Amino acid sequence: MTPQTGRLGAAVDTVKPVASGAGLLDVVVDAAEHVADQVVSLVLRRIDGESFPEWAPGAHIDVHLGDGLTRQYSLCSDLNDREVLRIGVLRVPDSRGGSEAVHEKLVAGTPLTISAPRNNFPMIDSRKYLFIAGGIGITPIIPMIEAAEAAGREWRLVYGGRSRHSMAFAQSLEDAYGSTKVNLYPEDEVGRLDLNAILGMPRAHMLVYACGPGGMLGAIEDLCMGWPPGALHLERFSADTLGAGSVSAPFEVELAKAGRIVTVQTNESILDAVEKVGVRILSSCRAGLCGTCETNILSGTPEHRDAVLTEADKDANEVMLVCVSRAAAGCDRLVLDL
Amino acid sequence: MTTSTSEPIVFTGDPYSEEHLLNPYPFLASLQEAGSVSWLESEQTYAITGYDEVYEVLTDFETFVSSGGLGPRDIRKDDGWRPPSILESDPPIHTLMRRALTGVINPGTVRALRKDFTAPAVSLVEALVQRNTFDAITDLAEKYPIEVFPDAVGIPQEGREHLLPYGNMVFNAFGPENYIYHQAFAEGDEHARVVMNACKRESLTDSGFGAGIWAKVGEGLITEEQATLLVRALLSAGVDTTIFGIGNTLSVLARHPEAWERLRKEPSLAKFAIDEALRLESPFQKFHRTTTVDTELGGVGIPAGSKVQVFIGAANRDPKKWGADANEFSLERTSSGHVAFGMGLHQCVGQPIARMEMEIVLQQLLEKVVSIELVGEPKPILHNVLRGFESMPVRITTQR
């Protein structure tokens, strides 16, 4: 099996000191349930009995697993039920232990610390949606489907996995919405997702939301180059894009030309923070898709989260898209040509 | 969908009269006042002038298709003058061509050209600042893209003089077959032959965008014919439009000395100035789409098979979208969302190249030119669908 690393099913191992105070929530595992091969669903409830803050489809939480180990998991619970949060965790045997820790240690009654929900994969309103999920990448898609259905939008899900047994929530989704809207592709029965057929014919006013392993997302990105710019929204599930730096700590951005230093909070983008102090950056999609806000980096290491720069560009660290990309772990200050 | 649709207001003015082509905005304002969607009697098409309605036409590529051609004739019924380009195609054929093109032209590949594109701008501007006056069009705007862009595509030196006349034909054909069209097509066969020849694999260098497009044939994404058509699309769409983009930006800035002064202090605002100038003086002013089904737009019922004419120049000055000062240039405005490059499926693939060319030229000027003013009125070009100038004498001051 291909190791799936990343922040959904099995997030990147993020070793950092457990921050205390702001934004952290003490929760208890209310229920832990095996929902598919190697996948456990955890329902979390606040210890103080309060409701969770409001969150939107595509949001995730950091789960602090002790010993400085932090993992990020997409929320897949009912948007309207603020009493609980649900995450789905895929066990990845060769990962550095995050998902194993979850699988082995987290049983009902276990207390743990999580971050408040944050969203790097926001759902934009549109008339039609095509959702594509690979494996545990289904988790952020579930609340999106609920939202699309509640708003009466036209939508369809294509969901691929190794086998029915490995595909978390597949049966419940099919039962809830029917097989016309929910198209399941267990590889051992029907072969791999035929992405060429699925994406070969762009549709007007349709957005594509995809989450899954890197190879699948790469193919989707390539095919969506034939779609209207901005149609594709994806969440990577691999270490390279959502690297160890996808942390919740604020960082500083020095604007070399403007001679200012701006602090970027965890709930805002560099673009937001810079605009707030009155320095303008030309931008368009604000979602890492169009490349308009590309900015030169004078020093510091970014964590690239966009879908525009090539791997070579990302490695060179000379430019970044400030609408989505951030400072990498260990980089407290980025100096930008602004 | 709205069930009660009304008949469009019939508008009798002619968008293609010389007067309206040379001075389009008062005409467009009256057309827009008649309605966001109206019926143009002279052209027998629907005129779409509201920003929201233009946006809808551009983004609903299923209802408003491109395969009918961008001109007034339905090229599916009546053979066009050339094999249909990517602009004149719909999914799924369009999809493969677009994928090929986006794979070759994207922010990363364009960024790699910045150095090559900067040197010619530096020498052009250095030579111009030795003079007190020059023509911002013939001495600068027309010189620069033709120097850098064909090299980036990788076409031979020989025959490049055909590029501008060819672009002129292509764009004029998006309007009616009037005398302007016929003038543009006077030596059309020769221009088309030379350009098509330059698009062949064996004519192209190994490293340009052209070669990149042909590599997509090897990958099995597109056919050889499609590769030729894509290179042709670059050559026909990538030169005139950028020339006009540079010229139109300078025409706006020459009238706004305060903006020039501010840009010299804050050169990072150059991108905004360009965007705002493109909104105000959009090079590509109008083209057509064809409806596939009976539809409704701006409250007006439009039957299937209709030609609708999209007025970019009106949408980009629609007061409903841009406010009461929509006709004014403002560095403070957020011009993002303008449709000068189109929107959606057919949005200009060359946009990063065009923006980079415009920005490089403007940055060079801002560095060396203290002030720039018009010496008399710029002379607009007589063109069916493009807005630009054929001459614009300017006077500059430089640092002592």
Side-chain angles (χ1 to χ4, degrees), chain A residues 126-128 196-197 199-207 219 221-232 255-258 274-275 278-286 288-296 306-316 318-321 323 336-338, chain B residues 56-65 86 90-112 114 219 221 265-276 292 331-332 334-338 341-349 351-352 355 359:
Chain A
S126 184
R127 295 179 209 170
K128 300 171 188 174
N196 266 305
L199 292 166
M201 187 74 180
R203 300 293 311 276
H205 293 298
M206 180 181 274
L207 296 182
E221 268 186 301
D222 182 28
L223 287 161
C224 282
M225 287 201 288
W227 283 61
L232 173 64
L255 314 178
K257 283 184 190 147
V274 170
E275 284 179 342
V279 174
R280 296 174 73 190
I281 304 174
L282 192 68
S283 65
S284 180
C285 74
R286 303 180 82 96
L289 302 165
C290 73
T292 307
C293 68
E294 184 181 296
T295 301
N296 289 327
D306 62 272
V308 171
L309 299 179
T310 62
E311 289 311 312
D313 291 335
K314 287 178 179 171
D315 292 344
E318 286 168 359
V319 296
M320 69 187 295
L321 301 192
C323 63
L336 300 179
D337 188 17
L338 288 171
Chain B
E56 179 63 21
V57 170
L58 296 181
T59 49
D60 187 352
F61 53 86
E62 294 171 8
T63 305
F64 302 95
V65 296
I86 181 169
D90 295 323
I93 293 171
H94 174 272
T95 314
L96 298 175
M97 293 171 84
R98 177 96 191 178
R99 271 175 66 196
L101 209 48
T102 317
V104 175
I105 300 180
N106 53 57
T109 58
V110 172
R111 185 176 335 101
R114 187 169 272 274
E219 293 169 24
L221 187 58
K265 286 186 203 129
E266 296 175 71
S268 63
L269 292 181
K271 286 180 178 179
F272 293 92
I274 291 165
D275 225 23
E276 171 68 349
T292 49
L331 264 184
E332 303 303 320
T334 302
S335 328
S336 171
H338 72 68
F341 288 104
M343 189 57 76
L345 193 68
H346 294 271
Q347 190 174 317
C348 177
V349 171
Q351 186 173 166
R355 283 184 184 277
E359 199 206 326

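The model shown is predicted, which means the values in this text are computed figures rather than measured ones. In what follows, every chain begins at residue 1, and chains take the letters A, B, ... in the order their sequences are listed.
Your options are A/Thr292, A/Val319, A/Leu309, A/Leu338, and the one with the most heavy-atom pairs under 4.5 Å with chain B is A/Val319. Chain A forms more heavy-atom pairs under 4.5 Å with one residue of B/Leu331, B/Leu221, B/Leu96, B/Thr334 than with any other, namely B/Leu331. Listed options B/Met343, B/Glu266, B/Gln347 were ranked by heavy-atom pairs under 4.5 angstrom with chain A; first place goes to B/Gln347. Of the listed residues (B/Gly108, B/Ala112, B/Gly344), the greatest number of heavy-atom pairs within a distance under 4.5 Å of chain A belongs to B/Gly344. Interface summary for chain A: among B/Thr63, B/Thr102, B/Asp275, the most heavy-atom pairs under 4.5 angstrom belong to B/Thr102.
Looking at A/Asp222, the atoms closer than 4.5 Å to chain B (heavy atoms on both sides) sit in the backbone and in the side chain alike. Heavy atoms of A/Arg203 lying under 4.5 Å from chain B belong to its backbone as well as its side chain.
Looking at B/Arg98, its side chain does come within 3.5 Å of a backbone N or O of B/Leu345 through a donor-acceptor pair. With A/Trp227 contributing its side chain and A/Leu199 its backbone, the two residues share a donor-acceptor pair below 3.5 Å.
Taken to the nearest 0.5 Å, the OG atom of A/Ser126 stands 8.0 Å off from the NE2 atom of A/His205.
Around CD of A/Glu221, the count of heavy atoms belonging to other residues, nucleotides or ligands within 6.0 Å exceeds 12.
Listed by chain and number, the residues in a side-chain contact (heavy atoms from CB on, under 4.5 Å) with B/Val65 are B/Ser67, B/Arg76, B/Asp90, B/Thr290, B/Thr292 (sequence neighbours excluded). Taking the side-chain hydrogen bond (donor to acceptor under 3.5 Å, both in side chains) definition, one finds that A/Glu294 meets it with B/Arg111, sequence neighbours left out.
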